[in-house]
Amino acid sequence: MEQHRVPPDTPIDLGQWDPNDTGGSQGGKAEARERLSQLNKELERLQELLYAEHKHKILVVLQAMDTGGKDSTIRHVFEGVNPQGVRVANFKVPTPKELDHDYLWRVHKEVPGKGEIVIFNRSHYEDVLVVRVRNLVPPKVWGKRYDHINEFEKMLAEEGATILKFFLYISLDEQKKRLQKRLDDPCKRWKFNAADLKERALWPEYMRAYEDALSKTSTEWAPWYIVPANHKWYRNLVVANIIVETLQRLDMRYPEEAENLDNIVIA
Ligand code: AMP
Ligand code: MG
């Protein structure tokens, strides 16, 4: 799984990454489903432990182009996990009140507390992606944000947060197929947004913005993973695997018993 991790201070050229990659796995979908269901069960166990220990805070950041699979990844990776232990925070176009504040204001309010897993469906990275590509603020304003973000995430990490950031990487071609599917499927039409076509037309600009974000903000304390996402089954496996392995490494323990419970008899 380390092959997907972006090392700190490394220039990223997305042309060198393959959105079709399946890690050489030939197993096919049935095997992937089996493996994912094992990971789901392990994640369920780890989440309970995380909650019981009440020490660590887990922040999962998901970024992708439209149709990149953020929602579907959340559904598949967290299947079976206690809904009381996980929260999803969505970041849409900022409200007027949010725009009156600095861009991290709405984000900071949503970060996980002890024992909690929070998934960011989009995030503060929109403030160096859409905001940059769409010229919503001048370069001298967004240009400072990479440093802000690194410092912000460092503070969260030093205060007990484990941060994992995933860029679900699909190709331009794959997006075309998925947008077409939205048009063709009556149950998916509601998701189709004509404005997405305008973002699609800016694909090269978005890739440059992603490359900069990935290069400048993958740190020891908050690494980015580039997840090949043309194949949904592989995307789910990569994300689930990285989250499970990271939680396992936290070496969590159930809290100490307050008193000796061995001799207790329930009348
Ligand atoms: P969706 O996730 O498809 O519901 O769309 C949410 C939209 O909000 C996307 O087009 C994002 O680019 C946009 N968005 C999120 N954060 C920001 C931001 N800080 N500034 C401008 N647009 C944003
Ligand atoms: Mg959308």
Side-chain angles (χ1 to χ4, degrees), residues 57-78 83 86-113 116-139 141-146 148-149 152-153 156 161 163-170 172 174-176 178-179 181-183 185 187-203 205-210 212-214 217 222 224-225 227 229 232 235 239:
K57 310 157 179 179
I58 310 297
L59 175 59
V60 174
V61 172
L62 292 181
Q63 283 290 156
M65 295 295 285
D66 290 309
T67 75
K70 299 187 301 299
D71 303 282
S72 154
T73 301
I74 295 169
R75 256 187 296 120
H76 286 99
V77 170
F78 289 90
V86 183
R87 181 161 59 82
V88 179
N90 280 280
F91 296 96
K92 307 268 183 187
V93 177
T95 63
K97 185 170 177 182
E98 286 169 348
L99 282 175
D100 281 348
H101 293 78
D102 68 88
Y103 66 101
L104 291 174
W105 181 73
R106 65 173 182 164
V107 174
H108 201 169
K109 288 194 289 193
E110 299 291 349
V111 302
E116 201 181 16
I117 299 176
V118 173
I119 304 155
F120 279 6
N121 186 342
R122 301 188 191 271
S123 65
H124 42 303
Y125 285 94
E126 294 292 327
D127 294 285
V128 289
L129 293 165
V130 64
V131 167
R132 161 175 164 168
V133 171
R134 288 268 169 210
N135 290 311
L136 300 180
V137 301
V141 175
W142 60 252
K144 295 203 167 81
R145 291 181 173 174
Y146 303 97
H148 300 159
I149 289 173
F152 172 64
E153 291 176 349
L156 296 178
I163 306 171
L164 295 169
K165 303 182 294 198
F166 297 100
F167 170 45
L168 310 180
Y169 182 34
I170 57 165
L172 187 60
E174 181 65 21
Q175 192 194 48
K176 183 177 183 178
R178 293 185 187 185
L179 285 171
K181 235 180 174 164
R182 282 188 183 176
L183 280 179
D185 182 346
C187 298
K188 286 197 172 153
R189 276 206 160 186
W190 65 273
K191 274 194 174 187
F192 190 86
N193 181 350
D196 292 351
L197 298 181
K198 291 191 182 146
E199 305 304 321
R200 175 173 167 78
L202 293 165
W203 190 274
E205 287 81 358
Y206 270 104
M207 291 306 109
R208 295 298 86 74
Y210 267 107
D212 258 3
L214 294 163
T217 63
W224 272 109
Y225 293 87
V227 181
K232 298 170 185 171
R235 171 201 74 199
V239 174

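Any value given below was found using the heavy atoms of this structure, including those in side chains, with hydrogens, waters and symmetry copies removed.
- Rounding to the nearest 0.5 angstrom, the gap separating the CD atom in E116 from the CZ atom in R87 is 4.5 Å.
- Minimum interatomic distance between I149 and T217 (heavy atoms only, all atoms of both residues): CG2-CG2, 4.5 Å.
- Residues V141 and Y103 have side chains not in contact (no heavy-atom distance under 4.5 Å, counting atoms from C-beta outward).
- Across every non-hydrogen atom of I119 and L62, the tightest pair is CG2-CD1, 4.0 Å.
- With a 4.5 Å cut-off on side-chain heavy atoms, R145 and H124 do not count as touching.
- Annotation: the span from M207 atom CE to L129 atom CG amounts to 9.0 Å, rounded to 0.5 Å.
- Taking R200 as the reference, Q175 meet the side-chain hydrogen bond (donor to acceptor under 3.5 Å, both in side chains) condition, with sequence neighbours excluded.
- In this structure, the side chains of H108 and F152 come closer than 4.5 Å at one or more pairs of heavy atoms.
- Side-chain contact between N121 and D71 is present, with heavy atoms from C-beta onward closer than 4.5 Å.
- For the ring-ring contact (aromatic ring centres under 6.0 Å, His included) test with Y125, the passing option among F91, F120, Y206, W224 is W224; the others fail.
- What you find for S123 and Q63 is that their closest heavy atoms are OG-OE1, 2.7 Å.
- With hydrogens and angles disregarded, no donor-acceptor distance shorter than 3.5 Å links the side chain of K232 to the backbone of G69.
- Atoms CE and NZ, on M65 and K70 in that order, are 9.5 Å from each other to the nearest 0.5 Å.
- Taking all atoms of both residues into account, the shortest heavy-atom contact from D127 to W142 is O-CB, 4.0 Å.
- For the pair K57 and L59, the minimum side-chain heavy-atom distance is 4.5 Å or more.
- Residues R235 and S72 meet the side-chain proximity criterion, which asks for heavy atoms closer than 4.5 Å.
- Relative ring orientation between H101 and W105 is described as parallel, the plane-to-plane angle staying below 30° on a 0-90° scale split at 30° and 60°.
- Take E98 and apply the salt bridge (charged side-chain N to carboxylate O under 4.0 Å, His left out) test, not counting sequence neighbours, and it matches R106.
- Salt bridge E199/R134: present, at least one basic N to carboxylate O contact under 4.0 Å.
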Requested in this report: Run the numbers on D196 and R182 for side-chain contact (heavy atoms from CB on, under 4.5 Å), then give the verdict.
Outcome: CA-CA 12 Å; D196 292 351; R182 282 188 183 176; 4.1 Å; yes
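- D66 approaches I170 most closely through the heavy-atom pair O-CD1, 3.9 Å.
- Side-chain contact check for V86 versus I74: every heavy-atom pair is 4.5 Å or farther apart.
- Across every non-hydrogen atom of G68 and A229, the tightest pair is O-CB, 4.2 Å.
- Residue K109 qualifies as enclosed at atom NZ: its count of foreign heavy atoms under 6.0 Å is above 12.
- K198 NZ to N193 CG: the interatomic distance, rounded to the nearest 0.5 Å, is 9.5 Å.
- Inter-residue side-chain proximity for F78 and V239 is flagged as unmet; no heavy-atom pair is nearer than 4.5 Å.
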Query raised in the report: Can you check side-chain contact (heavy atoms from CB on, under 4.5 Å) on D102 and H148, steps first, answer last?
Result: CA-CA 11 Å; D102 68 88; H148 300 159; over 6 Å; no
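- In terms of modelled atom types and a separation under 3.5 Å, the side chain of Y210 and the main chain of A64 share a donor-acceptor contact.
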